[in-house]
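Just below is one structure, and these are the notes that go with it.
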Amino acid sequence: MTPAELGAAVRSVVAAAVQAGELDVEVPAEVSVERPRVKEHGDYATSVALQLAKKAGRGPREVAELLAARLREVDGVAEVDVAGPGFLNLRLAQGALGEVVRTVVRQGPAFGRNEALAGLAVDLEFVSANPTGPVHVGSVRWAAVGDALGRLLEASGAKVTREYYVNDAGVQIDRFAASLYAASKGLPTPEEGYQGEYVAEWAARALEREPAIADLPETEAVERFRVVGLQVALDEIRGSLASFGVDFDVWSSELALATSGAVDRALQRLRDQGHVYENDGAVWLRTTDFGDDKDRVLVKSDGVGTYFLSDAAYYVDKRSRGFDRCIYMLGADHHGYVGRLKALAACAGDDPAQTLEVRIGQLVNVLQGGQPVKMSKRAGTMVTLEDLVALTGVDAARYTLARSSTDSTLDLDVEAVTRQTSDNPVFYVQYAATRAASVQRNAEALGLTAGDDADLSLLTHPREAELLLALAEFPAVVATAAELREPHRVARYLEESVAKAAQRFWDDCQVLPKGDEEVAPTAAPRLLLWRATRTVLENGLALLGVSAPERM
RNA sequence: GCCCCCGUAGCUCAGGGGAUAGAGCGCUACCCUCCGGAGGUAGAAGCGCAGGUUCGAAUCCUGCCGGGGGCACCA
């Protein structure tokens, strides 16, 4: 019996009590059961009696007793206790607890998925770092978390499009092009230009692609460097993200918004909705109609569109491409954007609460030996995605970045990451998965297979129960993590619940015979439990984009 | 001045109103001739402060203190 099934059972018990006139309350839409912190409190507990007591005008313990009597009749429930102020502590029958193994094994890669977002077309925009240099570790947080979020949303049934917005318009690209030109001529970096070693490299690569640039006069050469340099940059960025396991479906160009007419269409749409006006020669959007602190300029008095106009065009464009919901993952340095983006969506005639979701994540502090490293793309002093991966490997980097909440600033000590590689929790989780695989291998070598008809009621050891309960939680963990957009919950669950329980199970519960021993009756169910454990670890790690190796 | 995030063990972090607040690292003491010890067991150690809401608050609300980020006709 899974927690979801048990919750449903408790709910129907409440309904039955109401039906029978024992309780005068509205039956709650959903009743959930939780794992109690203290083992002695049973396999699961529910506080439903505490919540209903007041509405029913009865004492909580009285309500609990009344529900307990009915719960004891439920199939698969072995024990029901009323505890403390009115908690219902439940213990499942051995067989009912073990059945989760069969559920996991039969569902395989599908175990943990749900349909909460079925049919929803989601545009997930993340990273979107300026294409003027390599992806640095600050952006890598969004690569790891954003991709994991995409996987989570997909596991909840959503159709997810991963999108990268390329800021290929604006003065930073002018400076970038000028810097490439200077580097190609061996000239000093221009004022406000980009320096770093990569600039010369990229300039050389641009020249490889288009050798004729070398012979052009400066103005034209810079123009070509703008175009070809951008291609080099995007290839570089795309490549390093791909090697990190993050593949974007759509690369949207800011420049193309203007040439494709998306800007004009957006402007027209906003005018039609009646939120555009002119003042001091500039064109404004009255975002204050929808809670923004001040109105925003769309077209400056010199006739040039603002960055915000591009944002507007981009949003309207996304919606016109059929997305129900546009999710933006932005760094904390963009938090001031949230208000105007929401107002913008409203100005375009949408309900931002439905169509727009901005996730703000806190920044990454890069430290080296405890000292902060100042990172600047322009000064070329930065730690790149590739530097990080070279130090830690993809799995460790992705796991480390995805296992903490994005509400908190992340301190990433490059030295410590290298030094503590073997202490990284990812290895603890992967090691458990490896053990699961090795048990299977060794079993096969002995000619044993884990048929899914094994007698799971033999799984009576406390360590087995602990592991069974942990595995059963997985679907709820996935659903919650997806709903809250918090991939780190999956990581914490894997390490603190599953891997931990698996290691303890390993320690106390021998599966295969040693030497001349007979094959124990528990061998088959335990083998199957290991298979289920492997599946949950694989599925969970896959949500984070981390591999579950067969061997380490 | 206004807005957003954070403050939990010595350190790095989990804990979306529930019972005795959890991990990793570090520290102390144990276990291990075993299907892979990157392990297991036991222990010391903590919710910034003050109010409020609630049967019940690390969690929700208000204020204060401390840290980080942001408030353009820049991109």
Side-chain angles (χ1 to χ4, degrees), chain A residues 34 36-38 40-41 45-47 50-51 53-54 59-60 83-87 89 130 132 167 169-175 254 279-284 293-294 296-308 310 331-339 360-363 365 370 400 403-413 416 420-432 434-435 437-443 445-446 448 463 480 483-484 486 488-489 491-493 495-497 499-500 503-504 506-515 523 526-527 530 551-552:
Chain A
E34 302 171 351
R37 286 214 190 88
V38 187
E40 291 68 43
H41 290 160
T46 176
S47 58
L50 288 161
Q51 285 149 15
K54 193 172 225 175
F87 292 101
N89 292 336
N130 268 338
T132 51
N167 295 122
V171 301
Q172 85 279 6
I173 295 293
D174 296 338
R175 291 171 184 159
E254 181 185 356
N279 188 32
D280 295 335
V283 179
W284 297 71
D293 336 346
K294 56 185 117 176
R296 306 289 168 174
V297 174
L298 291 168
V299 183
K300 294 187 279 182
S301 50
D302 63 6
V304 177
T306 61
Y307 189 77
F308 183 61
S310 296
D333 51 342
H334 284 78
H335 111 269
Y337 252 59
V338 181
I360 295 295
Q362 300 303 308
L363 304 176
N365 288 326
T400 303
R403 75 185 283 275
S404 57
S405 163
T406 55
D407 281 346
S408 293
T409 313
L410 182 68
D411 286 332
L412 195 70
D413 193 317
Q420 294 173 357
T421 291
S422 62
D423 303 325
N424 193 312
V426 69
F427 295 103
Y428 183 76
V429 178
Q430 287 185 315
Y431 190 56
T434 304
R435 278 192 156 150
S438 78
V439 173
Q440 303 296 324
R441 273 199 307 276
N442 293 330
L446 291 172
L448 295 172
R463 292 296 162 80
T480 302
E483 183 194 336
L484 297 179
E486 294 183 346
H488 74 274
R489 285 170 181 270
R492 298 298 176 145
Y493 157 77
E495 58 194 77
E496 286 170 22
S497 294
K500 176 138 198 133
Q503 299 280 21
R504 285 153 66 111
W506 169 276
D507 231 49
D508 286 1
C509 300
Q510 186 182 330
V511 179
L512 303 176
K514 295 179 222 168
R526 282 181 175 171
L527 212 44
W530 269 118
R551 301 162 194 273
M552 288 179 73

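A, B, ... follow the sequence lines: proteins, then strands. Residue 1 opens every chain. Values in this document were obtained by computation on a predicted structure and should not be read as measured data. Note: hydrogens, waters and symmetry copies are ignored here, and every other heavy atom, side chains too, is used.
A:Gln510 pairs by the side-chain hydrogen bond (donor to acceptor under 3.5 Å, both in side chains) definition with A:Lys514, A:Glu517, not counting sequence neighbours. Contacts of A:Tyr431 classified as side chain to side chain contact (heavy atoms under 4.5 Å, CB included), with partners at least two apart in sequence or in another chain: A:Arg435, A:Gln503, A:Met552. Residues passing the salt bridge (charged side-chain N to carboxylate O under 4.0 Å, His left out) test with A:Asp293, sequence neighbours excluded: none. For A:Arg37, the salt bridge (charged side-chain N to carboxylate O under 4.0 Å, His left out) test picks out no residue, with sequence neighbours left out. Under the side chain to side chain contact (heavy atoms under 4.5 Å, CB included) criterion, A:His41 pairs with A:Pro36, A:Val38, A:Asn89, sequence neighbours left out. Here A:Tyr493 pairs with A:Phe474 under the ring pair (Phe, Tyr, Trp, His ring centres under 6.0 Å) rule; sequence neighbours left out. Applying the side chain to side chain contact (heavy atoms under 4.5 Å, CB included) rule to A:Glu486 yields the partners A:Leu484, A:His488, A:Arg489; only residues at least two apart in sequence or on another chain are considered. For A:Asp411, the salt bridge (charged side-chain N to carboxylate O under 4.0 Å, His left out) criterion is met by no residue, not counting sequence neighbours.
Between A:Tyr431 atom OH and B:A38 atom P the separation is 5 Å, expressed in whole Å. Taking atom CG of A:Leu446 as the reference point, atom P of B:G36 lies 10 Å away to the nearest angstrom. The nearest whole Å value for the distance from the OH atom in A:Tyr493 to the P atom in B:G24 is 17 Å. Atom CG of A:Leu412 is separated from atom P of B:C13 by 10 Å (rounded to the nearest Å). Here B:U59 presents its C1' atom at 11 Å from CZ of A:Arg489, a figure rounded to the nearest Å. The separation between A:Asp507 atom CG and B:U41 atom P is 7 Å, rounded to whole Å. Put simply, NZ on A:Lys514 is 9 Å from C1' on B:C35, counting in whole angstrom units. Rounded to whole angstrom, the span from the CH2 atom of A:Trp506 across to the P atom of B:U41 amounts to 16 Å.
A gap of 28 Å separates the P atoms of B:G17 and B:C11, to the nearest Å. Nucleotides B:G18 and B:C25 place their P atoms 28 Å apart, quoted to the nearest Å. One P atom belongs to B:U8, the other to B:C47, and the distance between them is 10 Å to the nearest Å. For the P atoms, the distance from B:U12 to B:G26 is 15 Å, rounded to whole Å. Straight-line distance between the P atoms of B:G63 and B:C71: roughly 24 Å, to the nearest whole Å. Comparing the P positions of B:A21 and B:G16 gives a spacing of 16 Å, expressed to the nearest Å. The same atom, C1', is picked in B:C49 and in B:G66; the two are 11 Å apart, to the nearest Å. The gap from the P atom of B:A19 to that of B:A57 amounts to 10 Å, rounded to the nearest Å.
In terms of position on RNA chain B, the residue among A:Val511 and A:Gln503 whose nearest nucleotide sits closer to the 5' end is A:Val511. Comparing A:Leu410 and A:Pro513 against RNA chain B, the residue whose closest nucleotide sits nearer the 5' end is A:Leu410.
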Could you go through nucleotides 54-58 of chain B and list every protein N or O atom that sits under 3.5 Å from one of its N or O atoms, giving the distance for each pair?
residue	atom	partner	partner atom	Å
B:C55	OP1	A:Lys54	NZ	2.2

List every contact pair, protein side and nucleotides 60-62 of chain B side both N or O, where the distance is under 3.5 Å.
none

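Contact annotation: A:Tyr428 does not reach the phosphate of B:C25 (side-chain N/O to OP1 or OP2, under 4.0 Å). The shortest distance between the side-chain N/O atoms of A:Asn424 and the OP1/OP2 oxygens of B:G24 is not below 4.0 Å. For A:Arg403 and B:U12, the shortest distance from a side-chain N or O to OP1 or OP2 is not below 4.0 Å.
Among the protein residues, A:Ser405 comes within range of the sugar-phosphate backbone only, with heavy atoms under 4.0 Å from sugar or phosphate atoms but none that close to a base. Looking at heavy-atom distances under 4.0 Å, A:Ala53 makes no contact with the nucleic acid at all. When heavy atoms are screened at a 4.0 angstrom cut-off, A:Ile360 is found touching no nucleic acid atom at all. Using a 4.0 Å heavy-atom distance criterion, A:Asp174 is classed as making no nucleic acid contact.
To the nearest 0.5 Å, the span separating CD1 on A:Ile173 from CG on A:Asn130 amounts to 6.5 Å. How far CD of A:Glu254 is from OG of A:Ser310: 4.0 Å, rounded to the nearest 0.5 Å.
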### Under 4.0 Å protein heavy-atom contact, by nucleotide of nucleotides 67-75 of chain B - B base, S sugar-phosphate only
-BBSSSBSB
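Under 3.5 Å, the side chains of A:Thr409 and A:Asn365 contain no donor-acceptor pair of N or O atoms.
Residues A:Leu298 and A:Phe308 come closest through the heavy atom pair CD2-CD2, 3.8 Å.
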### Task
Would you check, one step at a time, whether the test side chain to side chain contact (heavy atoms under 4.5 Å, CB included) holds for A:Arg504 with A:Asp508?
CA-CA 6 Å; A:Arg504 285 153 66 111; A:Asp508 286 1; over 6 Å; no
### Message
Between A:Asp280 and A:Ser301, is the side chain to side chain donor-acceptor pair (under 3.5 Å) condition met? List the steps.
### Response
CA-CA 7 Å; A:Asp280 295 335; A:Ser301 50; over 6 Å; no
### Message
Between A:Tyr428 and A:Lys500, does the side chain to side chain contact (heavy atoms under 4.5 Å, CB included) criterion hold? Intermediate values first, please.
### Response
CA-CA 8 Å; A:Tyr428 183 76; A:Lys500 176 138 198 133; 3.8 Å; yes
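Secondary-structure annotation of RNA chain B gives the stems B:1-7 with B:65-71, B:10-13 with B:22-25, B:27-31 with B:39-43, B:48-52 with B:60-64, with a stem taken as at least 3 successive Watson-Crick or G-U pairs whose two distances both fall under 3.5 Å.
With A:Arg403 contributing its side chain and A:Arg492 its backbone, the two residues share no donor-acceptor pair below 3.5 Å.
Distance from the side chain of A:Lys500 is smallest for B:G24 among the nucleotides B:C13, B:G39, B:G24. Out of B:U12, B:G15, B:A19, the shortest distance to the side chain of A:His488 is found at B:G15. Between B:A38, B:G40, B:U20, one nucleotide has an atom nearer to the side chain of A:Phe427 than all others, and that is B:A38.
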